[in-house]
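The structure under discussion appears below in the form of structure tokens.
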Amino acid sequence: MRELEILKEEDKEALELPRTSVEQADTTGKRKLYIESYGCQMNFSDSEIVTSILQEGGYATTSNFETADVILLNTCAIRDNAEQKVRNRLKNFNYLKKKRPEMVVGVLGCMAERLKTKFLEEEKIVDVVAGPDAYRDLPNLLSDAEEGQKAINVFLSKEETYADISPVRLNSNGVTAFVSIMRGCDNMCSFCVVPFTRGRERSRDPYSIIKECQDLLDNGYKEVTLLGQNVDSYKWASEDGSETVNFAQLLERVALVNSDLRVRFSTSHPKDITDEVLYTMKKYENICKYIHLPAQSGNSRILKLMNRTYDREWYMNRIDAIRNILGDDCGISQDMITGFCSETEEEHQDTMSLMEYVKYDYGYMFAYSERPGTPAAKKLVDDISAEVKQRRLAEIIDLQLRLSQERNNRHVGKVQKVLVEGFSKRSEDFLQGRNDQNKVVIFPKENYKKGDYVMVTITSCSTATLKGIVVKS
Ligand code: SAH
Ligand code: SF4
Ligand code: F3S
């Protein structure tokens with residue numbers, strides 16, 4: 001799950017701009033819904049569920065908030081700057097609310113869940129507050145608001161997985177899609193707000209997951225990314241307990257939907273990723289050889305304070321297992337936090353040396369941001385100055401840029417399978433897609449099109465992208 005402050009320019013563009021809803025073809029007689037999503041892939045996926053629920057409730061999406069009857073912001077609370085961004089965005093809607101007081105403004109997602117009624121008190125423009133497990137109630141909440149009543153539902157469920165809801169694919173390229181396989185998180189990492197905003201961990205029924213993947217394939221999609229905060233702890237049991245499915249088994253079932261359907265997943269937790277998962281990845285060509293394995297720190301004392309429940313040696317052992325089972329070419333990326341409570345200069349150096357050891361393909365790096373109510377906020381002191389956090393952050397970003405360049409250089413001269421996702425950002429004479437290791441590959445368009453698998457010889461690279469030419473499709 002990722003948000004901002006990342007390395008790859010392409011990702012940065014995609015994530016810094018909030019994703020917004022598109023104009024639906026037929027909006028006659030329907031109320032117009034504009035929805036904007038912040039934060040991680042989980043939120044983008046949830047916005048697709050929300051859109052589906054509201055379509056049933058008589059809404060049609062619009063890409064223009066100025067004419068919308070309802071504006072929804074699906075918010076993120078992971079760091080203070082993520083919340084500030086939402087607060088600033090709300091200010092942009094003030095003039096509209098003055099002009100059209102009947103327009104409804106709702107906030108969804110993690111910041112809604114964290115702030116609850118405080119959101120209504122602090123941001124007068126907000127009419128509706130709905131937490132991540134309350135989306136089925138949105139038609140009611142919105143109709144209360146349309147009648148002039150403020151409405152809130154931040155109830156967290158132990159069961160809700162929205163398994164039966166077919167997401168409406170927003171901003172889709174028609175080739176790749178997110179499929180949510182679980183919700184919530186039981187891991188209580190001391191810095192993290194997610195367990196408070198998304199509640200207890202629960203796994204979605206595998207049959208509904210397979211059906212969603214099959215439907216996507218039938219509609220021309222070629223790649224699914226299975227989403228959860230900690231996919232490796234996916235665990236489902238039938239009601240009578242006669243059938244159980246773990247993550248490796250789910251992965252296998254999804255891979256078997258069709259060998260033409262690529263499978264990715266995010267996020268893996270170092271404490272839970274098993275050799276069984278790695279062998280399943282090895283067994284199926286269509287499971288991409290790429291693992292996002294957030295470390296957060298390379299120092300065992302800090303990892304303990306973070307309550308990550310693994311130490312440096314355990315993490316390195318998991319990396320060794322990946323390299324042994326899947327080979328050196330498997331892509332690996334990280335999340336790191338700099339300047340966590342009491343982190344010393346030597347401990348920061350341990351993060352750098354872990355990065356050198358792993359040789360990550362890329363990473364998502366953040367300065368520690370204390371979140372109210374988390375175990376770290378209650379028990380530890382946020383004692384590293386902003387300057388030091390930022391300097392350490394700059395150091396690890398520099399190091400990651402060097403490692404990304406080194407890793408990308410390895411691809412030059414090789415022939416790689418790429419799934420075409422659309423035009424390159426800079427020119428319609430070029431297409432772009434990703435290779436197995438999740439790297440963006442750009443090549444001349446010729447007669448290829450979105451959704452094709454092509455074999456590309458990589459001819460050059462930067463820290464962010466690979467460039468090449470198609471040798472065959
Ligand atoms: N479930 C994923 C992470 C989800 S949050 C996992 O366990 O790996 C995405 C990333 O945001 C985290 O990996 C972490 O690096 C970062 N993050 C979370 N809380 C943060 C905080 N309080 N300050 C700075 N970064 C944070
Ligand atoms: Fe947060 Fe840890 Fe759960 Fe990831 S595993 S969402 S970092 S509590
Ligand atoms: Fe995702 Fe942000 Fe919530 S990272 S889970 S939207 S706090």
Side-chain angles (χ1 to χ4, degrees), residues 1-2 37 39-50 52-53 74 109-110 132-133 135-136 156-170 172 176-187 194-195 197-217 219 221-239 243-258 261-274 276-278 280-281 284 286-288 290-294 438:
M1 308 294 104
R2 52 211 70 152
S37 314
C40 66
Q41 294 153 333
M42 211 77 199
N43 254 15
F44 297 127
S45 166
D46 279 2
S47 290
E48 301 185 329
I49 289 169
V50 166
S52 174
I53 292 169
N74 196 357
C110 292
D133 289 342
Y135 297 150
R136 286 182 204 265
L156 282 176
S157 155
K158 288 201 175 102
E159 285 96 33
E160 181 63 273
T161 59
Y162 300 109
D164 56 312
I165 292 178
S166 303
V168 172
R169 306 290 162 187
L170 295 168
S172 162
T176 62
F178 295 131
V179 175
S180 169
I181 64 164
M182 56 205 296
R183 299 183 70 82
C185 183
D186 280 351
N187 281 323
V194 172
T197 62
R198 293 205 158 244
R200 298 308 297 267
E201 185 178 289
R202 62 222 102 119
S203 297
R204 178 179 169 192
D205 160 22
Y207 292 96
S208 73
I209 297 172
I210 299 300
K211 183 176 176 303
E212 188 172 330
C213 294
Q214 182 66 54
D215 286 349
L216 284 164
L217 184 76
N219 284 299
Y221 285 81
K222 294 283 180 62
E223 182 183 295
V224 292
T225 302
L226 308 180
L227 288 184
Q229 290 298 350
N230 175 6
V231 290
D232 301 282
S233 70
Y234 177 89
K235 196 148 200 49
W236 177 86
S238 59
E239 257 168 42
E243 188 191 3
T244 59
V245 180
N246 67 15
F247 181 60
Q249 292 158 338
L250 177 75
L251 202 51
E252 175 153 46
R253 289 191 192 193
V254 176
L256 287 169
V257 167
N258 193 302
L261 184 71
R262 265 188 171 181
V263 186
R264 299 186 187 275
F265 53 88
S266 186
T267 301
S268 301
H269 195 296
K271 86 173 155 62
D272 293 318
I273 189 165
T274 59
E276 191 191 358
V277 168
L278 303 177
T280 307
M281 290 175 74
Y284 294 94
N286 59 327
I287 305 180
C288 292
Y290 163 63
I291 300 174
H292 181 55
L293 198 67
N438 207 31

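Keep in mind the model is a prediction, meaning the values are calculated, not measured.
- Here the side chains of Val254 and Ile210 are in contact, with some heavy-atom distance below 4.5 Å.
- The aromatic rings of Phe265 and Phe247 stand perpendicular to each other, their planes meeting at an angle above 60°, with 30° marking the opposite boundary.
- Between Asp272 and Asn230, the side chains place a donor N or O and an acceptor N or O closer than 3.5 Å (distance only, hydrogens not considered).
- Between Ile181 and Val231, some side-chain heavy-atom pair lies under the 4.5 Å cut-off.
- For Arg136, the salt bridge (charged side-chain N to carboxylate O under 4.0 Å, His left out) partners are Glu160, Asp164, not counting sequence neighbours.
- Side-chain atoms of Ser203 come within 3.5 Å of backbone N or O of Lys235 as a donor-acceptor pair.
- With hydrogens and angles ignored, the 3.5 Å screen pairs a side-chain donor or acceptor of Arg204 with a backbone N or O of Ser180.
- Taking the side chain as every heavy atom from C-beta outward, Cys213 and Val179 approach each other to under 4.5 Å.
- With sequence neighbours excluded, no residue forms a ring pair (Phe, Tyr, Trp, His ring centres under 6.0 Å) with Tyr234.
- Nearest heavy-atom pair across Val245 and Pro206 is CG2-CG, 4.0 Å.
- The distance from the OH atom of Tyr135 to the CD1 atom of Ile49 is 9.0 Å, given to the nearest 0.5 Å.
- One finds the CD1 atom of Ile287 at 12.0 Å from the CZ atom of Arg264 (value rounded to the nearest 0.5 Å).
- Minimum interatomic distance between Gln229 and Cys185 (heavy atoms only, all atoms of both residues): CB-CB, 4.1 Å.
- With sequence neighbours excluded, no residue forms a salt bridge (charged side-chain N to carboxylate O under 4.0 Å, His left out) with Glu201.
- Under the rule for a salt bridge (charged side-chain N to carboxylate O under 4.0 Å, His left out), the partners of Asp215 that lie at least two apart in sequence or sit in another chain are Lys211.
- Atom CE of Met182 sits about 11.0 Å away from atom CG of Leu226, to the nearest 0.5 Å.
- Within the 4.5 Å cutoff, no side-chain heavy atoms of Thr176 are placed close to those of Thr225.
- Closest non-hydrogen pair, Phe178 versus Gln41, comes out as CZ-CG, 3.6 Å.
- Atoms OG1 and CG, from Thr280 and Leu251 in turn, are 6.0 Å apart once rounded to the nearest 0.5 Å.
- For the pair Glu212 (side chain) and Ile209 (backbone), a donor-acceptor distance under 3.5 Å is absent.
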* To do: Could you check Arg169 against Asn219 for side chain to side chain contact (heavy atoms under 4.5 Å, CB included), going step by step and ending with a plain yes or no?
  => CA-CA 11 Å; Arg169 306 290 162 187; Asn219 284 299; over 6 Å; no
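- Here the CG-CG distance, from Asn74 to Asp46, works out to 6.0 Å after rounding to the nearest 0.5 Å.
- In plain terms, the two heavy atoms of Ser268 and Ile291 that are nearest each other are OG-CG2, 3.9 Å.
- Remark: the Tyr162 side chain and the Ser52 side chain contain no N/O donor-acceptor pair separated by less than 3.5 Å.
- Without hydrogens or angle criteria, Asp232 side chain to Thr274 main chain gives no donor-acceptor distance under 3.5 Å.
- The closest donor-acceptor contact from the side chain of Glu48 to the backbone of Leu170 lies under 3.5 Å.
- Ser266 and His292 make their closest contact through OG-CD2, 4.1 Å (heavy atoms, listed as atom of the first residue, atom of the second, distance).
- Panel note: side chain Arg200, backbone Glu159; no donor-acceptor pair is recorded below 3.5 Å.
- Cys288 approaches Arg262 most closely through the heavy-atom pair SG-CD, 3.7 Å.
- Residues Arg253 and Leu256 have side chains not in contact (no heavy-atom distance under 4.5 Å, counting atoms from C-beta outward).
- Arg202 pairs by the side chain to side chain donor-acceptor pair (under 3.5 Å) definition with Asp133, not counting sequence neighbours.
- Residue Glu223 holds its CD atom at 11.0 Å from CG of Leu216, rounded to the nearest 0.5 Å.
- Residues meeting the salt bridge (charged side-chain N to carboxylate O under 4.0 Å, His left out) test with Glu276, sequence neighbours left out: none.
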